[in-house]
Each structure stands twice: as structure tokens, then as C-alpha cells.
Amino acid sequence: QVQLVESGGGLVQPGGSLRLSCAASRIIFSAYTMGWYRQAPGKQRELVAAITSGGSTNYADSVKGRFTISRDNAKKTVYLQMNSLKPEDTAVYYCNARQESVWGTNSWGQGTQVTVSS
């Protein structure tokens, strides 16, 4: 079964930076669209950024210009570089893998906490 393990979360001051990593296993990584979602207490889970197997990217309007998603197919890892962090970025961040096929699977990591506070 698919395994996704996030790392890199933590506590950072406003204006600071963090880089999240998601390591995938048990999948043919190059056949998946990878994404980062986040969820704050009492709020719905929302898409932050996604990257297809071909390298096309999508970002939530709230993070455009501040966050960058990238992938390393050789390492089966997707990254989220987060700069100029704001308190409203505080959430649990989840890695997502979606198979690029008609009946593709959709898998989630356990999440990593990001807290932006002074």
C-alpha cells in the first residue's frame, strides 16, 4: 500500500521559512500528481499546491509568490518551500498522492504541524 511520510514542520516566527518534505514509497512515483494540503482546527482541508508528473504546478491564491512546490522523481520526494510565513499559514500540512489514471488512487500522509507565531 502507498506510504507517504511528511517531515520539516515546526514552530517559526512570522516572516520565516520552512521546507516540508514528503517521501513516498510503494508507488511508481513518476505516475502521480503530488500535492500539499493543509487544515486548521475548525476549518476544511484546502489545497495549497500541486505538481503533476509533467511538472505543471497549481497554487492557492493565498500562497502564490511565497510557496514553491517541487519534486525529485529519483528520490520519490515532493517538497514545499514556504517563505514569508504568516500566522494564518498555521495548520497541519498533509501530503497527497493521486495516480494519473481514470480510476487512480488517492492517498494521504499523516500530516506535519506548522505553527507560525511570535
Side-chain angles (χ1 to χ4, degrees):
Q1 53 190 14
V2 177
Q3 180 175 291
L4 302 173
V5 180
E6 302 99 332
S7 62
L11 175 65
V12 65
Q13 292 184 321
S17 298
L18 285 173
R19 188 178 75 158
L20 305 184
S21 298
C22 173
S25 63
R26 303 181 186 274
I27 63 171
I28 302 175
F29 186 79
S30 60
Y32 285 74
T33 289
M34 303 298 298
W36 288 96
Y37 290 71
R38 67 186 181 187
Q39 186 169 26
K43 299 180 65 177
Q44 292 183 316
R45 188 173 298 185
E46 64 175 349
L47 174 68
V48 177
I51 183 167
T52 69
S53 63
S56 298
T57 58
N58 260 332
Y59 296 93
D61 288 341
S62 60
V63 307
K64 286 181 178 178
R66 299 189 297 121
F67 292 9
T68 302
I69 188 170
S70 61
R71 65 192 294 161
D72 185 332
N73 288 349
K75 295 182 178 180
K76 294 185 176 182
T77 302
V78 62
Y79 305 94
L80 185 67
Q81 178 66 47
M82 305 186 294
N83 299 325
S84 302
L85 283 162
K86 305 174 180 179
E88 51 263 44
D89 294 319
T90 297
V92 177
Y93 284 70
Y94 296 91
C95 182
N96 172 263
R98 187 168 186 85
Q99 196 172 15
E100 293 176 351
S101 64
V102 175
W103 300 103
T105 58
N106 192 38
S107 302
W108 299 91
Q110 71 172 168
T112 185
Q113 177 71 47
V114 172
T115 302
V116 184
S117 177
S118 59

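The figures that follow rest on heavy atoms only: side chains count, while hydrogens, waters and symmetry mates do not. Remember, it's a predicted structure, so these values are computed and weren't measured experimentally.
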Exercise. Should V92 and L20 be counted in the same cluster of Ile, Leu, Val, Met, Phe, Trp and Tyr side chains packed under 4.5 Å apart?
Worked result: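 The answer is no; the residues belong to distinct hydrophobic clusters.
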Do [X] side-chain atoms and [Y] backbone N/O form a donor-acceptor pair below 3.5 Å?
X	Y	value
R45	Y94	no
N83	G16	no
E6	Q110	yes
R66	S84	yes
Q13	S118	no
Q39	K43	yes
Y59	I69	yes
T90	V116	yes
R71	T33	no

Exercise. Could K86 and D89 be called an ion pair, given the rule that one side-chain N must be under 4.0 Å from one carboxylate O?
Worked result: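 So K86 does not pair with D89 through a salt bridge.
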For [X] and [Y], which heavy atoms make the closest approach, and how far apart are they?
X	Y	result
V78	C95	CG1-SG, 3.9 Å
A91	A40	CB-N, 4.0 Å
L4	A24	CD2-CB, 3.6 Å
L80	A49	CD1-CB, 4.2 Å
D72	Y79	CB-CE1, 4.1 Å
S21	W36	O-CH2, 3.6 Å

For this session: Assess whether atom CD of E88 is packed by more than 12 heavy atoms of other residues, nucleotides or ligands within 6.0 Å.
Result: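 Result for CD/E88: enclosed.
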Problem set entry | Residues, nucleotides or ligands: over 12 heavy atoms within 6.0 Å of L11 CG |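 Yes, enclosed.
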Exercise. Hey, what do you get for CZ (R98) to OG (S107), rounding to the nearest 0.5 Å?
Worked result: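 These two atoms lie 9.5 Å from each other.
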For this session: Any chance you could measure S7, atom OG, to R19, atom CZ, to the nearest 0.5 Å?
Result: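 S7 atom OG to R19 atom CZ measures 8.5 Å (nearest 0.5 Å).
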Would you indicate whether the side-chain heavy atoms of [Y] and [X] approach each other to under 4.5 Å?
X	Y	answer
K76	S25	no
V63	R38	yes
F67	L18	no

For this session: Could you pull out all residues at least two apart from Y37 that satisfy ring pair (Phe, Tyr, Trp, His ring centres under 6.0 Å)?
Result: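 Applying ring pair (Phe, Tyr, Trp, His ring centres under 6.0 Å) to Y37 gives W108.
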Problem set entry | Partner of Y32 under side-chain contact (heavy atoms from CB on, under 4.5 Å), chosen from T105, N96, N106, N73 |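 With Y32 as partner, side-chain contact (heavy atoms from CB on, under 4.5 Å) holds for just one option, T105.
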